[in-house]
Amino acid sequence: MPEGHTIHALAARLNRTLGGERLAVSSPQGRFAADAALLDGRPLDQATARGKHLFIDFEDLILHVHLGLIGSFHVKHAVQYDSPGTPARLRLEGRSHVAELRGPMICALVDEEDRQSVLAKLGPDPLHRPDQDTGALRSWDRIARSRKAIADLLLDQSVVAGVGNVYRCEVLFRHRIDPFTPGKELGRVLWERVWNDLVILLPLGMAFSQILTMQDQVDAAAEMVADGSSLSITEALTGERLGDHFERRFHTYKRTGQPCDRCGRIVREQLIGGRTLYWCPGCQRRRRR
DNA sequence: ACTGAATGTGGAG
DNA sequence: TCCACCTTCAGTG
């Protein structure tokens, strides 16, 4: 279930529940056993997310994790140590909490040079504060030079880091953009609006552990964060509020064959950028700029 | 451009 | 019961 908001919430949660502690590290499943032994007994200094990548610093050793499509990294109270189903690739056990990693695409020990080369390949991340101001221009540099469709470019992690299939479909709908518009024909001003929207949407997704793109839900969520009374700072910053606070609703994602909630035209799907794109042919037409 | 892995799980049939 | 999938990379045409 991972787009960028999930990984950032996970990093925050690991810091809160296991940060600073010396951990019992193991690989019940076995495939990571040798490396787990190297981490065993070391302090977890810091977990950091960038795009969909997670880095966990254990002194000079760095654990690099990418969940891929089906990976999961569950953090739970140590008392509820009922490990579900298959043994975990990686198990981190602290005094109060246990984290278990299953089915990751990447789980490897790396050095600082490796980390920097991963980061160097990533575009700006709407959830990374230093990128929030500069990201629109940095990503526009890439988009403006590309003939590829904007729907394709949005999934390219070297253009924008952290956006996945749901956010791409939904943000294109929110700005009524024809997904097949070549990057170079999109227009800088329109792209800036999309970027600024992502800078709002991904942090809200992180705060609520749920992708929110319907404007009524976005407004309600933003108000709860600003309000502070209904959502604690901690919850907002760590994504501690898990799911089911909002009904799962989208404009186009997985709505093939159903009428568009704005214009009534039938939502369509098509493979682009290797993934299923959902869009409304009525709202999302090519525009002259 | 397309295919197969990693391997959990919710929703369609 | 099946299978697509909020992902990416390595390996093949």
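Each chain gets a letter, A, B and so on, in the order the sequences are listed, and its residues count up from 1.
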Inset, instruction - Identify, between A:R248 and A:S72, the residue whose nearest nucleotide on DNA chain B lies closer to the 5' end. - result: A:S72
Which one, [options], comes nearest to the side chain of [X]?
X: A:H66; options: C:dC6, C:dT8, B:dT7; answer: C:dT8
X: A:Q29; options: B:dT7, C:dC6, C:dC5; answer: B:dT7
X: A:H74; options: C:dT8, B:dA6, B:dT9; answer: B:dT9
X: A:K52; options: C:dC5, B:dA6, C:dT8; answer: C:dT8
X: A:R31; options: B:dA6, B:dG8, C:dC6; answer: B:dA6
X: A:T86; options: C:dC6, B:dG8, C:dT8; answer: B:dG8

Pairwise [atom1] distance for [N] and [M], with rounding to whole Å:
N: C:dC9; M: B:dT9; atom1: P; value: 24 Å
N: C:dA10; M: B:dG8; atom1: C1'; value: 23 Å
N: C:dC5; M: B:dG13; atom1: P; value: 13 Å
N: B:dG10; M: C:dT8; atom1: C1'; value: 23 Å
N: B:dG4; M: C:dC3; atom1: C1'; value: 16 Å

Within the pair [X] and [N], is there a side-chain N or O less than 4.0 Å away from OP1 or OP2?
X: A:Y278; N: C:dC5; result: yes
X: A:R275; N: C:dA4; result: no
X: A:Q157; N: C:dT7; result: no
X: A:T276; N: C:dC5; result: yes

If you look only at distance, which donor and acceptor atoms sit under 3.5 Å apart when one is on a side chain in residues 261-283 of chain A and the other is two or more places apart or in another chain?
residue	atom	partner	partner atom	Å
A:D261	OD1	A:H251	ND1	3.2
A:D261	OD2	A:H251	ND1	3.1
A:E269	OE1	A:T256	OG1	2.8

Report yes or no: do [X] and [Y] form a side-chain donor-acceptor pair below 3.5 Å?
X: A:R89; Y: A:Q29; result: yes
X: A:R168; Y: A:N165; result: yes
X: A:W195; Y: A:S139; result: no

Inset, instruction - Please identify each residue that fulfils side-chain hydrogen bond (donor to acceptor under 3.5 Å, both in side chains) with A:H66, with sequence neighbours left out. - result: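 With sequence neighbours excluded, A:H66 shows a side-chain hydrogen bond (donor to acceptor under 3.5 Å, both in side chains) to no residue whatsoever.
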Inset, instruction - Under the side-chain hydrogen bond (donor to acceptor under 3.5 Å, both in side chains) rule, collect the residues that match up with A:E223, sequence neighbours excluded. - result: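 Per chain and number, A:E223 pairs via side-chain hydrogen bond (donor to acceptor under 3.5 Å, both in side chains) with no residue.
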Whole-Å distance separating the [atom1] atom of [X] from the [atom2] atom of [N]:
X: A:F32; N: B:dA6; atom1: CZ; atom2: P; value: 17 Å
X: A:L67; N: B:dA6; atom1: CG; atom2: C1'; value: 11 Å
X: A:E269; N: C:dC5; atom1: CD; atom2: P; value: 7 Å
X: A:K254; N: B:dA12; atom1: NZ; atom2: C1'; value: 10 Å
X: A:L69; N: C:dC3; atom1: CG; atom2: P; value: 16 Å
X: A:E3; N: C:dT8; atom1: CD; atom2: C1'; value: 14 Å
X: A:M105; N: C:dA10; atom1: CE; atom2: P; value: 9 Å
X: A:F73; N: B:dT7; atom1: CZ; atom2: P; value: 15 Å

Inset, instruction - Could you tell me if the ring centre of A:H5 sits under 6.0 Å from that of A:Y167? - result: yes
Inset, instruction - Applying salt bridge (charged side-chain N to carboxylate O under 4.0 Å, His left out), run through A:R50 and A:D131 and close with a yes or a no. - result: CA-CA 11 Å; A:R50 195 76 88 253; A:D131 287 351; 5.2 Å; no
Inset, instruction - Return the minimal non-hydrogen interatomic distance between A:V118 and A:H64, and the atom names on each side. - result: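 Residues A:V118 and A:H64, closest heavy atoms: CG2-CE1, 3.9 Å.
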Inset, instruction - Quick one: sort the A:F250 and A:Y253 rings into parallel, tilted or perpendicular, breaks at 30° and 60°. - result: perpendicular
Inset, instruction - Can you sort out which residues in residues 164-178 of chain A have a heavy atom within less than 4.0 Å of DNA chain C? Ascending by number, please. - result: A:G164, A:N165, A:V166
Inset, instruction - Please list, chain by chain and in numerical order, all residues satisfying salt bridge (Lys or Arg N to Asp or Glu O under 4.0 Å) with A:D178, sequence neighbours excluded. - result: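 Checked A:D178 against salt bridge (Lys or Arg N to Asp or Glu O under 4.0 Å); matches are A:R286.
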Legend entry - Nucleic acid contacts - residues 114-125 of chain A versus DNA chain B, non-hydrogen atoms under 4.0 Å: none
